[in-house]
Protein chains: 2
Amino acid sequence: MSKRELADPGPVEVFAALGDPTRLSLLTKLSDGQTRSIVTLSADTNLTRQAVTKHLQVLERAGLVRSVRVGRESQFGYRPEPITEARSYLDRVSAQWDDALERLKALVER
Amino acid sequence: MSKRELADPGPVEVFAALGDPTRLSLLTKLSDGQTRSIVTLSADTNLTRQAVTKHLQVLERAGLVRSVRVGRESQFGYRPEPITEARSYLDRVSAQWDDALERLKALVER
DNA sequence: GAAAAAAGCAACCAAAAGGTTGCCTTTTTG
DNA sequence: CAAAAAGGCAACCTTTTGGTTGCTTTTTTC
């Protein structure tokens, strides 16, 4: 357990990152697979470029996007892994709930 | 569009509610189907009862739990709907991403 | 090579979040 | 029926968040 270079943060951080309208819309935009610069992403946002930058940093810390500086601009792209993890987290919660219901039903029908 | 009595909040609010370690653990605890009082939920938390109360209120506003006052205590229980919605939101994001990959692949292989 | 474009950096600010303590009300129980 | 248990309400405090403005740096383009 030593090399670890930028571990995917846990579900809490991912959910927190998704829990803001601006960030959620930035992410869903980027999930179309296209890579975009900060000015481009700020375009339809009525926020300042710097505000958008901050949101992108939050998304990046959560592992949801990755940025690469290319020339004078940094291109942001979607990273699917954390979403997959978050999804399976929710799946487990749902599963636990479903199990509980199942047991209850079995008990009642006995 | 008038009767609406306590609409399930959108995914943003749900994600925001999940984006805190205390709340996430409260919720996963409750997802076992058992109903619990505030003192019970505060028990293994090292937070004060009031702090837990606030977190439970956030969860409740997000529709993730429901509370019923029974006698001198209020019992909190899990509500599955918002989790289901959040899950399908993430599914849609993933699907959009997968589609993008698919199109890209098709383009390259042509 | 100077102007424009894109972005980084830093200070600052207001509002919201997360938490606490203190006190009051309502039920329960010995 | 008095004490204990569970909770509600409200004030208060500190840190984080979401946002701004202003200035510098790095590329690009004319």
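Here the structure is a predicted model, which means the values were calculated and not measured. Chain letters run A, B, ... following the sequence lines, proteins first, then strands; residues in each count from 1.
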> Checking side chain to side chain contact (heavy atoms under 4.5 Å, CB included) for the pair A/T35/A/F76: CA distance, chi angles, key distance, verdict?
Replying inline: CA-CA 5 Å; A/T35 222; A/F76 281 80; 5.7 Å; no

>> Test side chain to side chain contact (heavy atoms under 4.5 Å, CB included) on A/Y78 and A/V65; report intermediate values, then the result.
In response: CA-CA 5 Å; A/Y78 178 81; A/V65 302; 5.6 Å; no

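Within residues 39-56 of chain A, the residues that place at least one heavy atom under 4.0 Å from DNA chain C are, in residue-number order, A/V39, A/R49, A/Q50. Non-hydrogen atoms lying under 4.0 Å from DNA chain C are contributed by B/D20, B/R23, all within residues 10-37 of chain B.
A/E85 and A/P9 get closest at one heavy-atom pair: OE1-O, 4.2 Å. Nearest approach of A/I38 to A/R49, heavy atoms of both residues: CG2-CG, 3.7 Å. Listed here is the closest heavy atom pair of B/T40 and B/S37: OG1-OG, 2.8 Å.
Among residue pairs with one or both ends in residues 63-73 of chain A, those qualifying as side-chain hydrogen bond (donor to acceptor under 3.5 Å, both in side chains) are A/E60-A/S67, A/E73-A/Q75; sequence neighbours excluded.
With the nearest nucleotide of DNA chain D identified for both B/S74 and A/R72, B/S74 has the one nearer the 5' end.
In this view, A/F15 satisfies the ring-ring contact (aromatic ring centres under 6.0 Å, His included) rule with no residue, not counting sequence neighbours.
A heavy-atom distance below 4.5 Å is found between the side chains of A/V93 and A/Y89. Counting heavy atoms from C-beta on, the side chains of B/R61 and B/E13 never come closer than 4.5 Å. Considering only heavy atoms from C-beta on, B/K54 stays 4.5 Å or farther from B/V58 through its side chain. For the pair B/V14/B/L18, a side-chain contact is recorded, criterion being any heavy-atom separation below 4.5 Å from C-beta on.
With a cutoff of under 4.0 Å to any heavy atom of chain A, the contacted region of DNA chain C is bounded 5' to 3' by C/dA5 to C/dC9. Running 5' to 3' along DNA chain D, contacts with non-hydrogen atoms of chain A at under 4.0 Å begin and end at D/dG18 to D/dT28.
By the criterion of side-chain heavy atoms lying less than 4.5 angstrom apart, applied directly or through intervening Ile, Leu, Val, Met, Phe, Trp or Tyr residues, A/L101 is grouped together with B/L64 in one hydrophobic cluster.
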